[in-house]
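Being a predicted model, the structure only gives us computed values, none of them experimental.
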Amino acid sequence: MSELSHSERSSGRRRPTPTTISRAGWIGVLLITAVFHAVRGAPVDAAIYVAGAAVLTLDALGWLRVPLRMPADRDTVSRRVIAGTLIAVAAITLGFTQLYSPADTAIVVGLGVLLLPVAWADRSRADAGPPGAAVRRAAVLWSVVIVLGCLWEIGVYFLGRDLTGSENAFPALSDLIDPLLASPPARALLVACWLLGGYALLRRGRSS
């Protein structure tokens, strides 16, 4: 135990860990996004982001614990088969339901409610150390992608409001992607890629 950490412990002060700083940063991002949606007149979207920030805050304070424990070992063949089947069913269902319909919304919300406890479950290992370099690089790259996407959305929103008749000249990301989703097969393929990517990230995190 170093002298610095001993003095910090004895004085009651604790240095913020990278995890604490990361959580605080993402809570701030969610709150800023909620304010943005409230300003643009989308209270439902704002409430969703506020709820997300509240959940992360409760988890960071130790007041939220998902009563589910998942083994830390690698996926077995049976688990991969189950995951692949669920991804295929979800992709086909979402691909061929009407876009933004009640059924479409129910499926997305249902998947989120079903998978959130699994993703949030405790997979701690006695020999687990800090995240590896690959996980840290992936976190940085995904953070950059998300921040750039947010900056795009905020930029085109204000440009579209400040310049008269310029809404079509500054399209949001959803406006650019919507034509690609007009075809059910294309939408099903996109959903499959999205879910497979998430599954791969979960497997990578569990094995690191």
Side-chain angles (χ1 to χ4, degrees), residues 26 29-30 33-34 37 42-56 58-59 64-124 131 134-135 137-139 141-150 152-153 171-208:
W26 283 115
V29 168
L30 290 175
T33 307
H37 283 299
V44 175
D45 293 345
I48 292 173
Y49 283 98
V50 169
V55 169
L56 289 181
L58 292 174
D59 181 69
L64 178 65
R65 286 293 178 267
V66 176
L68 179 64
R69 188 174 183 86
M70 299 290 288
D73 57 333
R74 295 181 180 273
D75 289 337
T76 61
V77 174
S78 60
R79 291 177 186 171
R80 290 195 291 269
V81 170
I82 294 174
T85 302
L86 291 175
I87 290 173
V89 171
I92 293 173
T93 305
L94 288 173
F96 289 90
T97 55
Q98 184 179 356
L99 195 61
Y100 305 126
S101 66
D104 194 48
T105 303
I107 294 170
V108 172
V109 173
L111 285 173
V113 172
L114 177 65
L115 296 178
L116 181 60
V118 178
W120 213 305
D122 182 17
R123 294 186 178 88
S124 58
V135 174
R137 287 196 300 269
L141 290 175
W142 277 109
S143 299
V144 170
V145 170
I146 293 172
V147 169
L148 290 178
C150 292
W152 176 288
E153 294 294 293
L173 290 175
S174 57
D175 296 328
L176 296 175
I177 295 175
D178 277 348
L180 300 177
L181 302 180
S183 169
R187 192 159 65 247
L189 179 61
L190 179 63
V191 171
C193 292
W194 181 268
L195 294 177
L196 282 171
Y199 176 67
L201 289 175
L202 286 175
R203 288 192 62 203
R204 179 70 180 181
R206 290 177 62 182
S207 61
S208 299

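Taking the side chain to side chain contact (heavy atoms under 4.5 Å, CB included) definition, one finds that Ile177 meets it with Leu181, sequence neighbours left out. With sequence neighbours excluded, the residues forming a side chain to side chain contact (heavy atoms under 4.5 Å, CB included) with Val109 are Thr105, Val113, listed by chain and number. Take Ser183 and apply the side chain to side chain contact (heavy atoms under 4.5 Å, CB included) test, not counting sequence neighbours, and it matches Pro185, Ala186. Under the rule for a side chain to side chain contact (heavy atoms under 4.5 Å, CB included), the partners of Ala192 that lie at least two apart in sequence or sit in another chain are Ala91.
Between the CG atom of Asp178 and the CG atom of Leu173 there is a distance of 10.5 Å, given to the nearest 0.5 Å. The distance from atom CD1 of Ile48 to atom OG1 of Thr33, rounded to the nearest 0.5 Å, is 12.0 Å.
Surrounding CH2 of Trp26 are more than 12 heavy atoms belonging to other residues, nucleotides or ligands, all under 6.0 Å away.
Within the structure, the side-chain hydrogen bond (donor to acceptor under 3.5 Å, both in side chains) test picks out the following pairs touching residues 43-53 (sequence neighbours left out): Arg40-Asp45. Sorted by first and then second residue, the salt bridge (Lys or Arg N to Asp or Glu O under 4.0 Å) pairs involving residues 98-112 (not counting sequence neighbours) form an empty list. For the salt bridge (Lys or Arg N to Asp or Glu O under 4.0 Å) condition, no pair includes a residue of residues 84-101, sequence neighbours left out.
The shortest distance between side-chain heavy atoms of Trp194 and Leu94 does not fall below 4.5 Å. Looking at Leu86 and Tyr199, their side chains never come closer than 4.5 Å, going by heavy atoms from C-beta outward.
Under a 3.5 Å cut-off, the side chain of Arg187 and the backbone N or O of Thr97 do form a donor-acceptor pair.
In this structure, Ala90 and Leu195 approach most closely via the heavy-atom pair CB-CD1, 3.7 Å.
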